[in-house]
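Chain letters run A, B, ... following the sequence lines, proteins first and then strands; every chain starts at 1.
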Amino acid sequence: MIKWTDIGLLLSNKRLGENKFISSIFTKEHGKTLAITYGKKPQFEPFSLVQTHFTAKTENQLGIFKLESLTPFSLFFLEDRKRLQVLLMSCFLMDRLLPQGETFSLFFEKTIDFASHLEEENWLKFYILWEIDLLSNLGFGLNLSCCALGGDVDTLCFVSPKTGCAVSFEKGKPWAGKLLPLPSFFSHPEEDASKEDLLAGLALTAYFLQREALNNTSIPFDRKSLV
Amino acid sequence: MKTETSLDDLIYFLSKLPGLGPRSAQRMVLFLLKKKETHFEPLKGLMDAVLSEMKVCPLCGNYDVITPCHICQDTKRSQTTLCVVPDVSDIWALERSPIYHGQYFALGGLLSALDGITPENLNIQKLKNRLDSSPIEEVIFALPLTVDGQTTLHYLIESLKTYPVKLTTLAHGMPVGGELDFQDEGTIQTAFKARTEL
């Protein structure tokens, strides 16, 4: 018998018959795990932090979750279209992209940290930086620390769509039309982000998420409406 | 489906109905067989009649044997308020309460990006057509206070903002007979936000 208890973020509930769901939960120590939850309706909404009690007879069998609510993040933002959409989008990405059973403890903490920044004015900036973290945890980390064509760290303005490496203003100027704009808050996260920076950031992460992780399928959310 | 006779088939199909399993379906069939004249034959006749007469109301999406449905045809009901609900079951639930006497509209579900349900899968265009063609002054959204329900609400507000109608939603907060100790954080937060002056 396999038994463990962990904290986790509920990502999705898919109906299985009349009073069962297959719930996907991103747990801190056990990574993303799928198991059955019972009830005529889902016990908790996506992006709820829950205490997760998991039991299964064998490693290969679909187990059972018993859940207790800790922080229902999504319920706090039901009246805010943009923040709610961002929470759902993060659930979609984690549900779709995180491999099952692989531990991402640090990324889990960063995800909770991003959710706790949602009340702040610059919340969308934290979300975009979270997507960069997600890419990095999936093995598609962008190299944004210095210019790939000379090591310059001060005037980074572009990202190569082929390599995901940063390019300085001077080196990238001749190919500006082919390169992706790099928002300044990527290299200076403490800075406030302008509307243009946020749009560029969303476009940049969407480009790499779609190309590298989602097999060129689009993310089913209207990202431009978030800004 | 592994069945041998029509009796097995009947038990199998009944067992697939909501709230029933193989054992309860078997009990139900046994009961019907024992009460052939008083229950089985009238039930068969009624099922045949409903199946052949059942219609989907073109105005609200309700099921009825007349079209438009008896609610849309009722001239005593208010013609200026429209209550938007996710499904026909919600129309029937609201009709159990005597509080609302207006028109209805069933969306046919809720938006859910996680489950791939997009605006094209719902009756949103029909809702717009209804608003174009009838003297509606107020649209009441009776959608669940869930992530999908509120995502749908935000989308509808955005879609209908150009229409000259008042948009309202049902109140959210403490349930009738509810005690604070038993409410989750989301309910308490919503109740605080929607507090009223006495």
Side-chain angles (χ1 to χ4, degrees), chain A residues 9-24 39-51 67-97 119 217-223 225-226, chain B residues 14-22 24-25 86-87 89-90 93 109-121 141 143-161 167-173 181-194:
Chain A
L9 273 174
L10 183 74
L11 302 180
S12 67
N13 295 300
K14 291 192 173 60
R15 189 171 276 284
L16 180 71
E18 205 185 330
N19 54 3
K20 284 197 285 275
F21 290 87
I22 295 181
S23 296
S24 168
K40 286 206 186 300
K41 63 187 184 76
Q43 288 178 27
F44 299 107
E45 293 292 309
F47 217 104
S48 294
L49 186 66
V50 287
Q51 186 76 29
L67 308 176
E68 293 169 58
S69 174
L70 293 174
T71 313
F73 285 109
S74 53
L75 296 188
F76 296 153
F77 299 103
L78 285 179
E79 289 164 11
D80 188 321
R81 180 184 67 79
K82 292 179 180 178
R83 285 175 171 87
L84 187 62
Q85 189 180 326
V86 153
L87 288 179
L88 281 179
M89 195 152 61
S90 61
C91 281
F92 168 81
L93 291 172
M94 287 189 282
D95 194 29
R96 183 70 78 87
L97 301 177
E119 297 269 12
T217 54
S218 58
I219 301 169
F221 291 89
D222 181 9
R223 289 165 70 90
S225 73
L226 294 172
Chain B
L14 284 175
S15 74
K16 296 295 164 197
L17 296 180
L20 296 183
S24 43
D87 211 349
S89 61
D90 301 299
L110 294 170
L111 293 177
S112 173
L114 298 178
D115 294 329
I117 301 171
T118 61
E120 291 73 40
N121 301 121
F141 295 109
L143 301 178
L145 196 61
T146 59
V147 167
D148 289 345
Q150 295 306 292
T151 304
T152 310
L153 177 66
H154 293 310
Y155 181 85
L156 288 173
I157 291 171
E158 196 66 23
S159 303
L160 303 181
K161 67 182 178 189
L167 302 178
T168 58
T169 181
L170 297 187
H172 305 133
D181 195 23
F182 292 97
Q183 307 308 319
D184 61 85
E185 298 93 318
T187 306
I188 291 174
Q189 177 162 328
T190 317
F192 260 93
K193 277 185 185 169

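- For chain A, the nearby parts of B:E185 are the backbone and the side chain; heavy atoms of each come within less than 4.5 Å.
- For A:D80, the part sitting under 4.5 Å from any heavy atom of chain B is the backbone (N, CA, C, O) and nothing else.
- Residue contact with chain B, scored on non-hydrogen atoms closer than 4.5 Å, is absent for A:L93.
- Minimum interatomic distance between B:A113 and A:F221 (heavy atoms only, all atoms of both residues): CB-CZ, 3.3 Å.
- Contacts of A:L11 with chain B are made by backbone atoms alone, with heavy-atom separations under 4.5 Å and no side-chain atom involved.
- Only the backbone of B:L20 comes within contact range of chain A, judged by heavy atoms closer than 4.5 Å.
- Between the side chain of A:E45 and the backbone N or O of B:V147, at least one donor-acceptor pair lies under 3.5 Å.
- Considering only heavy atoms from C-beta on, A:Q85 stays 4.5 Å or farther from B:T151 through its side chain.
- Between chain B and the residues A:P72, A:P220, A:S74, the most heavy-atom pairs under 4.5 angstrom are made by A:P72.
- Side chains of A:L75 and B:D184 form a contact here, defined as non-hydrogen atoms less than 4.5 Å apart.
- Residue contact with chain A, scored on non-hydrogen atoms closer than 4.5 Å, is absent for B:L153.
- Counting only distance, with no hydrogens or angles, the side chain of A:E18 and the backbone of B:G19 share a donor-acceptor pair below 3.5 Å.
- Neither the backbone nor the side chain of B:I188 comes within contact range of chain A; no heavy atoms are under 4.5 Å apart.
- Side-chain contact between A:P46 and B:L114: present, with at least one pair of heavy atoms (C-beta onward) separated by less than 4.5 Å.
- For B:K193 against A:F76, the heavy-atom pair with the smallest separation is NZ-O, 3.7 Å.
- Checked by atom type and distance alone, the side chain of B:H154 pairs as donor or acceptor with a backbone atom of A:L78 at under 3.5 Å.
- Looking only at side-chain heavy atoms (C-beta outward), B:Q150 and A:R81 stay at 4.5 Å or farther from each other.
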